[in-house]
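In what follows, every chain begins at residue 1, and chains take the letters A, B, ... in the order their sequences are listed. Because only heavy atoms are used, hydrogens play no part in the values below, and waters and symmetry mates are left out as well, while side chains stay in. Worth saying up front: this structure is predicted, and the values here are computed from it rather than measured.
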There are 4 protein chains.
Amino acid sequence: MAGDGAVAHGGRPGRPRKIPLSNPERRREVFDAVRALLAEVGYERCTMDLVAQRARASKATLYQRWPSKAQLVVDALQEHQPALAGADTGSFRDDLRHLLISWLSGLTEEDRGLVIALLEGSRRDAELARLRRERLSRPLQQAAETVLARAQQRGEIPPGVDEELLVELPFALVLMHVLVLDEEPGRELVDRIVDGVLGPLLGAPEPPRPG
Amino acid sequence: MAGDGAVAHGGRPGRPRKIPLSNPERRREVFDAVRALLAEVGYERCTMDLVAQRARASKATLYQRWPSKAQLVVDALQEHQPALAGADTGSFRDDLRHLLISWLSGLTEEDRGLVIALLEGSRRDAELARLRRERLSRPLQQAAETVLARAQQRGEIPPGVDEELLVELPFALVLMHVLVLDEEPGRELVDRIVDGVLGPLLGAPEPPRPG
Amino acid sequence: MAGDGAVAHGGRPGRPRKIPLSNPERRREVFDAVRALLAEVGYERCTMDLVAQRARASKATLYQRWPSKAQLVVDALQEHQPALAGADTGSFRDDLRHLLISWLSGLTEEDRGLVIALLEGSRRDAELARLRRERLSRPLQQAAETVLARAQQRGEIPPGVDEELLVELPFALVLMHVLVLDEEPGRELVDRIVDGVLGPLLGAPEPPRPG
Amino acid sequence: MAGDGAVAHGGRPGRPRKIPLSNPERRREVFDAVRALLAEVGYERCTMDLVAQRARASKATLYQRWPSKAQLVVDALQEHQPALAGADTGSFRDDLRHLLISWLSGLTEEDRGLVIALLEGSRRDAELARLRRERLSRPLQQAAETVLARAQQRGEIPPGVDEELLVELPFALVLMHVLVLDEEPGRELVDRIVDGVLGPLLGAPEPPRPG
DNA sequence: TATGAATGAGGTTTCATTCAT
DNA sequence: GATGAATGAAACCTCATTCAT
């Protein structure tokens, strides 16, 4: 009853096994685990236990580097900036076609859940919400501006067309097919969008290729 | 602190006659609570405790009528089918304009969170996923078919346009602005879509209306 | 990867075994567990797990009735107001002797730790601090007033004696022996205090007991 | 956000020369940190992390010098022995008055929490308990013996008075006011004790010193 | 020697779910 | 049929402690 004391903590923690989290490679492993789980099970179910287990770290280790789950998620996503290809193909249609394809190639099945997880988590975490805007809206808008500017210089945009919506349009369609219709987007969809919507909208079924 | 729970029920003496859940009105109260919470806090945080509390029922009562939280959510959403106005205005553009506006009017701020909750919950519950398809895709497709059929009869659709995408397009743009860009959609957006995208796509800034 | 879902929560919780916590007897069992643990291991180490285990309840059950550990502890202590015997023995010395003995009988080995736990917990919880004042100071002051008033009426208090300190004095000595010197207080200490301090202080080595 | 930790150490170029813990000055910094934290947050919440942070050391360094948290705390307290003034004033009452005042001056607001922390920690660590007896009881008893011996020589102690309790008495009253009644002790209390209790106990309100 | 880094073992609290009335 | 009450299973986060450099 009395003489208990001095039990201390038991086990034998302490060994800094493996590569430390300060190592960028190692950190990336954690981020990969986070993103994978986020995509698989969503924000709420992406527990720190699961992350730790998949990253082969301990929860305490994670909490040493990131003050909270939200911060960890934020960092994990930040790291994963997919580069949008903005090459100049000579025509607005092909610019967009390439952009979409490069976007889709980065938008794996994994990322599909990720997008939802992001929307979900944003409702609870303001920091996450901020990041989402930067991660989803920004690249889109930047790509938009670049591609659109070139198209304007080429005189490809017919008058009366809302230019902002014009560029959002293909992404919106892809997102809808992905999120709402549960489709796996592919080249086929891209071609349908470019040829079946953007083409007619820009006036010519096939951009005039002067010879 | 303690004695809450009990609901006032008229001034009549006698035992607290509670309306049973078999009563459709009562059931609707529960559904309203579920939807409100879903919209406010998302699927995960929409706990049975919260639902019970807001619906002034007990959790056990809820579980007597619905076998699980998922089923309750599914039923709650099923009940809330917003009617999409599909009036024939004489032109494709105005048909869509009306359709969008009627859709938006049903897409309250509440429902915005609801859409995310739906996407979120769908990842865990196949039943919810099925319902989502019915709740989001179906009305869309049905409206699409109706409006599109009329437009085809009128010969409004230029050749080369992907008809399916054509109808999805406005919804996709609205959804994108709502979900991703965090905007509150309004008439203004609808007009931009109809006039700045659909119009040019259909060929004429304003469909020629010969006397 | 996809087809996971529907795992639900597993086990088979739900059975309302045993007597419910609304039952005062049952609640007392919980309080007893709390107090025992508090005395044995102090506030911090008195974990909810331990309480639940000793009270043969589940943590969730405890949290249903009490919003936090602090509240549970507060309630557990509040319930355990030891009654201080304030019988009129005819002399101040014997009044105090009886009072001290009745206090000590309530101040079991258990309560000794409890006092420390109370002091300890008070630093973190304002509610607990309030309770401490009521549990430790109040009984003391009330006993003080009663016994002192009688002594004053009997004309037992010599002039020049600080009456407040006079009554606090025996309690302070007991507390010191208990808390600081780690002694188990008993009748012996009480007699030493009454005869070796109070007696000389009151002037007469033995109160005159006229036949 | 990341690069904190490192302490400024003069402006000199070269490697960060940290003072080792073998240095007594450095060790004292650690002790100060420990005591401050102990007083501020109690034994349990006085975490090694906090100590390390406040002492600008690393936990591993601390563990290199002290085998456990308890030992560190013990050592930190040992170092902080307040000197009790035991000057001979010529009378028992004034000897005690001076002793109490010198004790109180060392019993800062900080130490008040320290006392509780000590009691708290003692329940878990026998070593701490031993030290506490030495830190609190010893100085008390030594001062007691000295002052009491002088009083006995002067013939100030009336027969029938329990001499041990007589000397404990003022400390007990002070402790009670400090710990239980949450008062900040001051000269006023000391005077009340000396004049309102000790005086009468020793026989005369002011030792009659007939010319 | 000093430290950055890692870790097992809990700690408090919450949630979907189920008996017994 | 409605409800009060109970519960197993996590979830997030913290702490004393120990390697490896």
Side-chain angles (χ1 to χ4, degrees), chain A residues 7-23 26 44-50 52 57-65 67-70, chain B residues 5-6 16-22 44-52 57-65 67-70 72, chain C residues 8-23 26 44-45 47-50 52 57-65 67-70, chain D residues 5-6 16-22 44-52 57-65 67-70 72:
Chain A
V7 172
H9 252 266
R12 197 157 313 279
R15 44 214 244 279
R17 239 182 345 190
K18 286 184 290 278
I19 304 118
L21 270 185
S22 49
N23 182 318
R26 180 78 182 96
E44 290 270 358
R45 293 291 222 241
C46 167
T47 72
M48 291 302 266
D49 262 303
L50 248 43
S58 86
K59 272 183 297 176
T61 302
L62 299 180
Y63 275 99
Q64 188 151 355
R65 199 65 48 171
S68 71
K69 173 182 164 183
Chain B
R17 195 166 41 79
K18 276 262 185 142
I19 299 138
L21 271 185
S22 48
E44 288 270 358
R45 293 288 222 244
C46 167
T47 70
M48 290 303 267
D49 262 305
L50 250 43
V51 171
S58 87
K59 275 188 292 180
T61 305
L62 298 180
Y63 272 97
Q64 198 152 342
R65 196 66 48 171
S68 74
K69 172 182 164 183
L72 170 56
Chain C
H9 252 266
R12 196 159 312 283
R15 47 212 241 281
R17 239 185 343 192
K18 288 186 287 278
I19 303 117
L21 270 185
S22 50
N23 182 320
R26 181 79 182 97
E44 289 271 358
R45 292 290 222 242
T47 70
M48 291 302 266
D49 260 305
L50 248 43
S58 86
K59 275 186 292 179
T61 302
L62 298 181
Y63 273 97
Q64 187 151 356
R65 198 68 48 170
S68 73
K69 173 183 162 182
Chain D
R17 192 167 42 82
K18 275 261 187 145
I19 300 135
L21 269 186
S22 48
E44 289 271 356
R45 296 285 222 247
C46 169
T47 70
M48 291 302 269
D49 262 304
L50 249 43
V51 171
S58 88
K59 274 187 294 179
T61 304
L62 299 181
Y63 273 96
Q64 196 152 343
R65 197 63 51 170
S68 72
K69 172 183 166 182
L72 170 56

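Regarding C:R45, its CZ atom lies at a distance of 17 Å from the P atom of F:dT14, rounded to whole Å. Between A:N23 atom CG and E:dA5 atom C1' there is a gap of 12 Å when expressed in whole angstrom units. Remark: C1' of E:dG10 and CG of C:L50 are 11 Å apart, rounded to the nearest angstrom.
The shortest side-chain heavy-atom distance between A:D49 and A:K59 falls under the 4.5 Å cut-off. By the 4.5 Å heavy-atom criterion applied to side chains, D:M48 and D:L72 are counted as neighbours.
In the set E:dT12, E:dA6, E:dA2, E:dA2 carries the atom at the smallest distance from any side-chain atom of D:Q64. In the set E:dG8, E:dT1, F:dA2, the nucleotide with an atom closest to the side chain of A:A60 is E:dG8. In this structure, of E:dT12, F:dC12, F:dT7, it is F:dC12 that holds the atom nearest to the side chain of A:M48. Closest to the A:L21 side chain, of the nucleotides E:dA6, F:dG1, E:dT17, is E:dA6.
Across every non-hydrogen atom of C:S58 and C:A52, the tightest pair is C-CB, 4.0 Å. Taking all atoms of both residues into account, the shortest heavy-atom contact from C:L50 to C:R45 is CD2-O, 3.7 Å.
Annotation: of the two residues near DNA chain F, B:P20 and D:D49, the 5′-most nearest-nucleotide partner is B:P20. Summary of the strand contacts: A:L62 and D:T61 both lie near DNA chain E, and taking for each the nucleotide with the nearest heavy atom, the more 5' one is attributed to D:T61. Mapping D:P67 and B:S58 onto DNA chain F by nearest heavy atom places B:S58 at the nucleotide closer to the 5' end.
A sub-4.0 Å separation between OP1 or OP2 of E:dT12 and a side-chain N or O of C:S68 is absent. Between C:R65 and F:dA6 there is a side-chain N or O to OP1 or OP2 distance below 4.0 Å. Within the structure, every side-chain polar atom (N or O) of C:Y63 is placed at least 4.0 Å from both OP1 and OP2 of E:dT14.
No donor-acceptor contact under 3.5 Å links the side chain of A:K59 to the base of E:dG8.
Rounding to the nearest 0.5 Å gives a distance of 7.0 Å between OG1 of B:T47 and NZ of B:K69.
Nucleotide E:dA20 has F:dT3 as its partner under the Watson-Crick or G-U criteria, with both atom distances under 3.5 Å.
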